[in-house]
Amino acid sequence: MSIISGLEDLVDETISVITNDGRNIVGILKGYDQATNLIMDESHERVYSTRTGVEQLVLGLYIIRGDNISVVGELDEDLDSNLDLSQLRAQPLKPVMH
Amino acid sequence: MLFFSYFKELVGKEVTVELKNDLAIRGTLHSVDQYLNIKLENTRVVEQDKYPHMLSVKNCFIRGSVVRYVLLPPDGVDVDILHDATRREARGG
């Protein structure tokens, strides 16, 4: 039942993380703990804008503190490869307001 | 522990989770834990045109601390049972 066993099956898979400040970071999940701290490898940030397509910034190995995490999504590689990021325009996500 | 037990009863039902960044995600409730972290399957974002950030995500984990609302299916709430349980909890046991 525990959700932590839910992140277990995402280890070594590509995940898409939304942080509390509205960033979207995509990478491979290497580790996590009960506070949802994450270790991600080969990560990059996807920067959304209304004027240009999605810009990808290379980040590399990243540790994200659990406090700062909103959503951890399992990235479907097929769906993702069909996305034309250069044509995708959107407002950046709002930061979390507690 | 009351709401943890309550959400466990809702596993398998379709819910909408609204986050504190205004993003609303709809999906089938897969599991919930003691922190009220929520795992959804078959997810879609309610305003997909405005928020295309999760277009290639079909299963996700939502941290309990960023949840603003969980919108439940009407048949998912037994008001009488919930009334009794909250009163029992308020009495301290």
Side-chain angles (χ1 to χ4, degrees), chain A residues 1-10 13-26 29 32 34-38 46-48 50 53-54 64 66-85 87-98, chain B residues 1-13 15-71:
Chain A
M1 177 51 65
S2 148
I3 203 101
I4 296 305
S5 64
L7 281 183
E8 173 82 66
D9 38 72
L10 290 181
E13 303 286 336
T14 305
I15 57 167
S16 169
V17 175
I18 293 173
T19 60
N20 288 1
D21 55 359
R23 283 192 247 205
N24 180 203
I25 299 172
V26 175
L29 183 64
Y32 64 90
Q34 73 281 10
T36 350
N37 296 315
L38 302 180
R46 292 186 177 173
V47 185
Y48 289 81
T50 46
V54 177
I64 310 178
D67 287 349
N68 190 33
I69 284 171
S70 298
V71 182
V72 181
E74 176 183 354
L75 199 86
D76 186 306
E77 310 259 1
D78 292 335
L79 287 175
D80 199 56
S81 56
N82 287 331
L83 275 186
D84 186 358
L85 290 174
Q87 292 304 312
L88 205 56
R89 279 166 179 72
Q91 292 271 349
L93 279 169
K94 274 175 265 183
V96 167
M97 299 287 261
H98 288 286
Chain B
M1 287 307 269
L2 174 61
F3 280 90
F4 175 38
S5 312
Y6 178 66
F7 279 119
K8 280 200 286 192
E9 293 292 311
L10 286 170
V11 164
K13 296 232 163 62
V15 296
T16 305
V17 181
E18 186 182 311
L19 310 186
K20 291 179 187 171
N21 58 7
D22 293 352
L23 191 67
I25 306 170
R26 190 160 174 78
T28 308
L29 188 64
H30 173 271
S31 56
V32 62
D33 70 6
Q34 54 175 328
Y35 306 108
L36 303 186
N37 295 328
I38 290 172
K39 207 181 168 196
L40 297 181
E41 287 183 330
N42 259 316
T43 56
R44 62 197 173 280
V45 170
V46 175
E47 292 175 278
Q48 200 125 78
D49 296 337
K50 195 174 167 197
Y51 301 112
H53 310 72
M54 289 182 63
L55 275 176
S56 42
V57 171
K58 283 292 147 221
N59 301 307
C60 74
F61 164 98
I62 302 167
R63 202 165 192 273
S65 60
V66 299
V67 173
R68 183 184 289 142
Y69 302 119
V70 181
L71 289 88

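Chain identifiers are assigned alphabetically (A, B, ...) following the order of the sequence lines, protein sequences preceding nucleic acid strands; residue numbering begins at 1 within each chain.
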#### Entry: Max heavy-atom pair count under 4.5 Å with chain B, selected residue of A:S16, A:P92, A:G66, A:S81
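Between A:S16, A:P92, A:G66, A:S81, the count favours A:G66.
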### Query
Which of the residues A:N24, A:I15, A:L10, A:L75 is involved in the greatest number of heavy-atom pairs with chain B at under 4.5 angstrom?
A:L75
### Query
Under 4.5 Å between any side-chain heavy atoms of B:R63 and A:D67, yes or no?
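Side chain of B:R63 against side chain of A:D67, heavy atoms only: contact under 4.5 Å found.
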Can you say whether [X] sits under 4.5 Å from chain B via the side chain, the backbone, both, or neither, judging by heavy atoms?
{"X": "A:N20", "answer": "side chain"}
{"X": "A:S70", "answer": "both"}
{"X": "A:L83", "answer": "side chain"}
{"X": "A:I18", "answer": "side chain"}
{"X": "A:D80", "answer": "both"}

### Neighbour count above 12 (heavy atom, 6.0 Å) for A:Q91 CD
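Check fails, neighbour count at 12 or below.
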### Query
Between A:L79 and B:L55, which heavy-atom pair has the shortest distance, and what is it?
CD1-O, 4.1 Å
### Query
Closest heavy-atom contact between A:I69 and B:V66?
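Taking A:I69 first and B:V66 second, the nearest heavy atoms are O-CG1, 4.0 Å.
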### Message
Working to the nearest 0.5 angstrom, can you tell me the gap between A:Q34 CD and B:D33 CG?
### Response
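Answer rounded to 0.5 Å: 11.0 Å.
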### Message
Quick check for you: to the nearest 0.5 Å, what is the distance between B:N21 atom CG and A:H98 atom NE2?
### Response
9.5 Å
#### Entry: Structural part of B:L19 lying under 4.5 Å from a heavy atom of chain A
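Looking at B:L19, just its side chain touches chain A.
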### Task
Counting only heavy atoms closer than 4.5 Å, note whether B:L40 contacts chain A via side chain, backbone, both or neither.
neither
### Message
So if I apply the side chain to side chain contact (heavy atoms under 4.5 Å, CB included) rule between A:L93 and each of B:M54, B:H53, B:K50, which one comes out positive?
### Response
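So the option named by the test is B:H53.
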### Message
I'd like to know if A:K94 and B:D22 make a salt bridge, using a cut-off of under 4.0 Å between side-chain N and carboxylate O.
### Response
yes
### Task
Heavy atoms only, distances under 4.5 angstrom: which of B:P52, B:S56, B:C60 has the most pairs with chain A? Name it, please.
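Answer, by heavy-atom pair count under 4.5 Å with chain A: B:S56.
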